[in-house]
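Notes follow the structure.
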Amino acid sequence: MSHALGRLEDLPQSYRDELTALNLVPLWPSLRAVLPPGVPTRKTAPTHWPYQALRPLLMRAGELTPMEKAERRVLVLANPGHGLENMKASPAMYLGMQLLLPGEWAPSHRHTPNAVRMVVEGEGACTTVDGERCPMQRGDLILTPTGLWHEHEHTGTEPVVWLDVLDLPVIYYAETSYAIEGQRQEVKPGRGDQAYARGGVAPTPLFVRQNGSAGATNSHGGYPMLRYPWADAKAALQAMAEDQPALEAVQITYVNPETGADAQNNLGYYALMLRPGQTLRLPARSPSCVFHQIEGSVDVAVGNAGEHATTFTLAEADTCCAPGYTAVTLTNRNAHAPAYVFMADESPFHRKLGVYENRG
Ligand code: GTQ
């Protein structure tokens, strides 16, 4: 147990005033707050955003606020532990539910934060990223990496909704967040989801492999694959589950197909299949985590052994988050059908910082 340190009140007011006048602060009254013993202080509260409750409010936004007045019509999934106005789900993750109505166009821009979209409902929308047209279907993951132009367009007949995940909080914290508005993009041929449609084989347009890659590493600024169709991700999970009946974690990571590294810089993206009735314990790791139910329904218990667990039931299209250093247990509520969960976490960021931990 660390012993108590001197408090600010223990110091004479005149001395404190002299420090303040010189922009100086004594460390010891705050030392335990910034370096707490053993486990970090976390503001991230386990939080659940049920889609059925959120959806009518998002549709109301569609009536209340035209596209010209919104640019991006988004309700932010804000963690109350961080203060709603700070628009964070966790220290490094921003989440938003975005609505695009038939005929609407969200104009082209580019910005320093990295974004992905996980399509929640509706057909007929497209995101164009760096000239590549990415159709949006339920469960598809579409990347808009840092600096790439992107715009959203909807030519279908029903509302389209997707979940945005951005590393905005950390890019903003670093005082590096900004955007540039642009013109409608010209769509060019060449789709990453076609070129990389099969795992283990990579397009080789230059005949030679350079730097151990197949020669397409520079496309889209080093992000050759921008759309990860759900049909392919789901097929990969199903094939793994069938091939390895004893495999506990039926999980895939969304990766850059040229480098094998995480698909984006700061946030990690994954999809998980829970077998019928399966309970899976995810170990306590340093990064915060977000869960979004693609198909089926799971019970989520957030808490380490011996602690009070916070529990949620995720119905289809629900989203929740869990703080870091905390185990999460997922249980598929259906005994007869698999459940599919999309996950986002801060692992790549933690690894870069050198603070990634798995505490089991
Ligand atoms: O679709 O480009 O939720 O720029 C927040 C900022 C979505 C977007 C968000 C954005 C976008």
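Order of appearance sets the numbers: ligands from 1, and atoms from 1 within every ligand. Each residue takes its place number in the sequence, starting with 1.
- Close approach to R117 involves these atoms of ligand 1, each under 4.0 Å from a residue heavy atom: 1 (O), 2 (O), 7 (C), 8 (C), 11 (C).
- Using modelled atom types, one finds a donor on one side chain and an acceptor on the other under 3.5 Å when comparing W162 with D164.
- The closest side-chain donor-acceptor pair between R73 and T65, if any, does not fall under 3.5 angstrom.
- Heavy-atom proximity to V74, at under 4.0 Å, picks out these atoms of ligand 1: 3 (O).
- The closest protein non-hydrogen atom to atom 5 (C) of ligand 1 is Y94 OH, 3.4 Å.
- Looking only at atom types and distance, the side chain of E132 has a donor-acceptor partner in the side chain of H220 under 3.5 Å away.
- Those atoms of ligand 1 with a heavy atom of H152 less than 4.0 angstrom away are 1 (O), 2 (O), 8 (C).
- The closest heavy-atom contact to atom 7 (C) of ligand 1, among the options T144, D164, L163, comes from D164.
- Scanning for side-chain contact (heavy atoms from CB on, under 4.5 Å) contacts around P37 gives S2, with sequence neighbours left out.
- Counting protein heavy atoms only, atom 8 (C) of ligand 1 is closest to R72 NE, 2.9 Å.
- Considering P169, P287, S288 as possible partners of S90, the one that fulfils the side-chain contact (heavy atoms from CB on, under 4.5 Å) test is S288.
- Side-chain atoms of N114 and T146 form no donor-acceptor pair, as typed in the model, at a separation below 3.5 Å.
- Protein heavy atom in closest approach to atom 6 (C) of ligand 1: L166 CD2, 4.0 Å.
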